[in-house]
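Worksheet: one structure, shown below.
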There are 2 protein chains.
Amino acid sequence: MSSIPSNPASSDPASQGAASGTSPTFSPLYKQIKALIMQRLQSGEWKPGELIPSEVELGNRFKVSQGTVRKAIDELAAENLLVRRQGKGTFVATHHEARSQFRFLRLMPDSEQPQTIDKKIIELKRLRAPAEIARLLGMKSGDSVVFVKRVMSFDGVPTILEELWLPGALFKALTLERLVEYKGPMYGLFETEFGTRMIRASEQIRAAAADDEAVELLGVEKLSPLLCVERVSFTYGDKPVEVRRGLYVTSRHHYQNELS
Amino acid sequence: MSSIPSNPASSDPASQGAASGTSPTFSPLYKQIKALIMQRLQSGEWKPGELIPSEVELGNRFKVSQGTVRKAIDELAAENLLVRRQGKGTFVATHHEARSQFRFLRLMPDSEQPQTIDKKIIELKRLRAPAEIARLLGMKSGDSVVFVKRVMSFDGVPTILEELWLPGALFKALTLERLVEYKGPMYGLFETEFGTRMIRASEQIRAAAADDEAVELLGVEKLSPLLCVERVSFTYGDKPVEVRRGLYVTSRHHYQNELS
DNA sequence: GAGTGGTCTAGACCACACT
DNA sequence: GTGTGGTCTAGACCACTCA
């Protein structure tokens, strides 16, 4: 292993792991390799969509067997950070794929699959983070955040009214223009233009009655029941980088969830 | 491997898998081992909570290396069918554990964790399956089903109104008495008393307005927004064995979901 | 054919839980 | 101490992709 000093010249290859030195408590070798790979991802050395070195190559670099690298990559693939493709290699996962979409958009049509999606940005502005948002983003109340409001329509029917808060420091260059002209998933834009990749999210779902704004923008009746979905998204190192609050019309759609 | 005829006396140990004979298309050895283990689980030879044979023992029985058994068990553990405990052995997963509860009850209190749970059975009866229920359960319309209605209260506050449909043939001996007197998770009862273990479920979530029954049993106002959760649960072999429709009060609770 | 991930084996040692 | 799962290695061959 590079960057970890020890295994002090032990000629015995089976004096495995423990590697000590840096890590105070015991950690298996493959966990350390995993951490090293994750560093490359976080630093941007290996970018979304790119091919990473082969298992053999990584084994040589880190001075461990292919099997150990394999176990590290296995876990990263299970966490959707890497994607393996037999015969081709291992790639850094990206939001620019149909596969990745469904993980973060759980609203499905009741009937069949194919439907057109239309996104309309209502508003984009910078403001000082309200206490609640600041808390969720791990910032100080009053820090700069980017606020976005938008409506998504399926087959022309307005169905989702969404508000987003993003840390101002990370999204300095985000403008309404850039967001409007961009085709494709928003997380794709964030990852390629702002170097911020969402890897995990936590959602809290409630039922709510439509307020005046929902009535206006979603075309539903006042007080009609809506799904209220509050999401916090995280990037590498479990750092929160997005708060999202959505109102979903569920007369022709439903939130799909698999318990397994 | 037992019960699979082939590897026709190949003295070469690396003439791995393919095993042919029964399986028409290629399937890795560890997948076949996995299937064999799953058979033992499904048949009830290894029951929930019990210790299964060690990896070495299974390797000897099936005539494969420990590593191959390990990979099979790894996948089964990832699917929550088995639970590994270092130093003790590998156990068949069971619903009689706090750990297993949270997988199937996603409604969490907004504030802190500790809360008392109270379950009240409103009704239990046998009836002919409505078309919709029959379709979801893979039965014929009119087949016998057990119908249950109940209310769950948290800290004394009625919060969930739930209706269940179960295949009559599998739950012949299920009575209101048995259900009322039973303490602990319903899926625990199903697994120990009726030999039916739920291993996976699919939920569709919508927002709905409280009807008269919800008003009466949950003590909410007419037309107030509720979470409507429709679940189909599956046992081994992806066989559907429960339909559940729940109405959740989300003024002090929320449906928690992790996107990862 | 060369390179990559995927499977399989055999053997070693480590960490943990009981007795 | 004994037995269990957990980690690590080394080497072999298979399945897939692309040039």
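So you know, we letter chains A, B, ... as the sequences are listed, proteins then strands, and number each from 1. All heavy atoms count here, side chains included; hydrogens, waters and symmetry mates do not.
Rounding to whole angstrom units, CZ of residue A:Phe62 and C1' of D:dC8 are separated by 17 Å. The distance from atom CD of B:Gln66 to atom P of D:dT4 is 10 Å, rounded to the nearest whole Å. If you measure from atom CZ of B:Arg85 to atom C1' of D:dG3, you get 16 Å, rounded to the nearest angstrom. Per the geometry, CG belonging to B:Leu51 stands 20 Å off P belonging to C:dC16, to the nearest Å. Atom-to-atom, CG of B:Leu76 to P of D:dG5 comes out at 14 Å; the value is rounded to the nearest Å. Atom-to-atom, CD of B:Glu57 to C1' of D:dG5 comes out at 15 Å; the value is rounded to the nearest Å. The separation between B:Asn60 atom CG and C:dT9 atom P is 12 Å, rounded to whole Å. Atom NZ in B:Lys34 sits roughly 15 Å away from atom C1' in C:dT7 (whole-Å rounding).
Closest approach to the B:Glu55 side chain among C:dT7, C:dC8, D:dG5 is made by D:dG5 (side chain taken as heavy atoms from C-beta onward). Of the candidates D:dG5, C:dG5, D:dC8, the closest approach to any side-chain atom of B:Arg84 belongs to D:dG5. Of the candidate nucleotides D:dT7, D:dT4, C:dC8, C:dC8 has the atom lying nearest to any side-chain atom of B:Thr68.
Between A:Thr90 and the phosphate of C:dG5, there is a side-chain N or O to OP1/OP2 separation shorter than 4.0 Å.
Taking the six-membered ring for Trp and the full ring otherwise, the centers of A:His95 and A:Phe104 sit less than 6.0 Å from each other.
Nucleotide C:dT19: unpaired (no Watson-Crick or G-U wobble partner with both distances less than 3.5 Å).
Side-chain contact check for B:Ser202 and A:Gln256: at least one donor-acceptor pair (N or O, by modelled atom type) lies under 3.5 Å. Side chains of A:Tyr187 and A:Ser100: a donor-acceptor N/O pair is absent below 3.5 angstrom, by distance only. Residues A:Tyr255 and B:Asn257 bring a donor and an acceptor atom of their side chains to less than 3.5 Å of each other. Defined by atom type and a distance below 3.5 Å, a donor-acceptor pair is missing between the side-chain atoms of A:Thr90 and A:Glu55.
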Hey, what are the protein-to-nucleotides 17-19 of chain D N/O distances that come in under 3.5 Å?
residue: D:dC18; atom: OP1; partner: A:Lys88; partner atom: NZ; Å: 3.3

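A 4.5 Å side-chain heavy-atom check between B:Leu82 and B:Leu41 finds at least one atom pair inside the cut-off.
Base engagement by B:Arg70 is indicated by at least one non-hydrogen atom pair under 4.0 Å involving a base atom.
For the side chain to side chain contact (heavy atoms under 4.5 Å, CB included) criterion with A:Lys239, the lone passing option out of A:Thr196, A:Leu170, A:Leu137 is A:Leu170.
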